[in-house]
Asker: 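First the structure, which I've put down as structure tokens, then a few questions once you've had a look.
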Amino acid sequence: MQDELGNFVPEGIMDAVVTALIGALDLQRNEGIRNSRTGSIYIVKPKMHGPDEVAFSCELFGRVEQMLGFAKKHHQDRHYGRRTSHDVEP
């Protein structure tokens, strides 16, 4: 995928946006089993290699939340002790 200037969008950034959009669709269901009882979207980001990657992921998910108009619900990152905003409500 390319942006409006013709630059290729990195796969990890597209993955974060598409995953959040899919999660938002799940929360809109009125019938059937939803993925979250609390109305949150849970995204697991495995294989994070150090604080720089964690900081990038926190920034990325924060911007995805902002772009999609999600309200932030902060929690404590268990692995690095940082405040993150990966749990979101559309």
Side-chain angles (χ1 to χ4, degrees):
M1 165 141 306
Q2 294 175 300
D3 66 14
E4 66 275 1
L5 299 176
N7 300 309
F8 286 97
V9 178
E11 179 182 353
I13 293 173
M14 283 300 301
D15 183 53
V17 173
V18 171
T19 301
L21 285 169
I22 291 168
L25 287 174
D26 179 65
L27 295 178
Q28 293 176 1
R29 286 201 254 179
N30 293 326
E31 297 180 16
I33 299 172
R34 289 187 0 188
N35 201 22
S36 170
R37 289 183 224 149
T38 62
S40 294
I41 298 171
Y42 300 96
I43 299 174
V44 176
K45 178 97 171 75
K47 298 181 184 177
M48 298 188 70
H49 303 288
D52 291 340
E53 188 174 357
V54 172
F56 174 78
S57 294
C58 291
E59 179 72 21
L60 173 61
F61 282 108
R63 288 184 183 209
V64 169
E65 291 170 352
Q66 184 178 31
M67 181 180 77
L68 299 178
F70 293 169
K72 295 181 184 180
K73 287 174 49 180
H74 296 283
H75 73 282
Q76 190 73 25
D77 186 300
R78 292 186 193 114
H79 299 290
Y80 293 95
R82 294 177 181 229
R83 299 267 312 155
T84 63
S85 55
H86 298 346
D87 295 347
V88 297
E89 290 182 15

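These figures come from a predicted structure and were not determined experimentally.
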Asker: Just jot down the side chain to side chain donor-acceptor pair (under 3.5 Å) partners of Glu59, sequence neighbours excluded, or say none.
Answerer: Arg63
Asker: Can you give me every donor-acceptor pair (side chain of residues 8-20, partner residue at least two apart or in another chain, under 3.5 Å) with its distance?
Answerer:
unit_1	atom_1	unit_2	atom_2	d
Asp15	OD1	Thr19	OG1	3.4
Thr19	OG1	Asp15	O	2.7

Asker: Suppose we screen for salt bridge (Lys or Arg N to Asp or Glu O under 4.0 Å). Which residues come up paired with Asp26, at least two apart in sequence or across chains?
Answerer: Arg29
Asker: Are Tyr42 and Leu25 in one and the same hydrophobic cluster, where Ile, Leu, Val, Met, Phe, Trp and Tyr link if side-chain heavy atoms are under 4.5 Å apart?
Answerer: no
Asker: Just verifying a value: how many Å separate Glu53 CD and Lys45 NZ, rounded to the nearest 0.5 Å?
Answerer: 5.0 Å
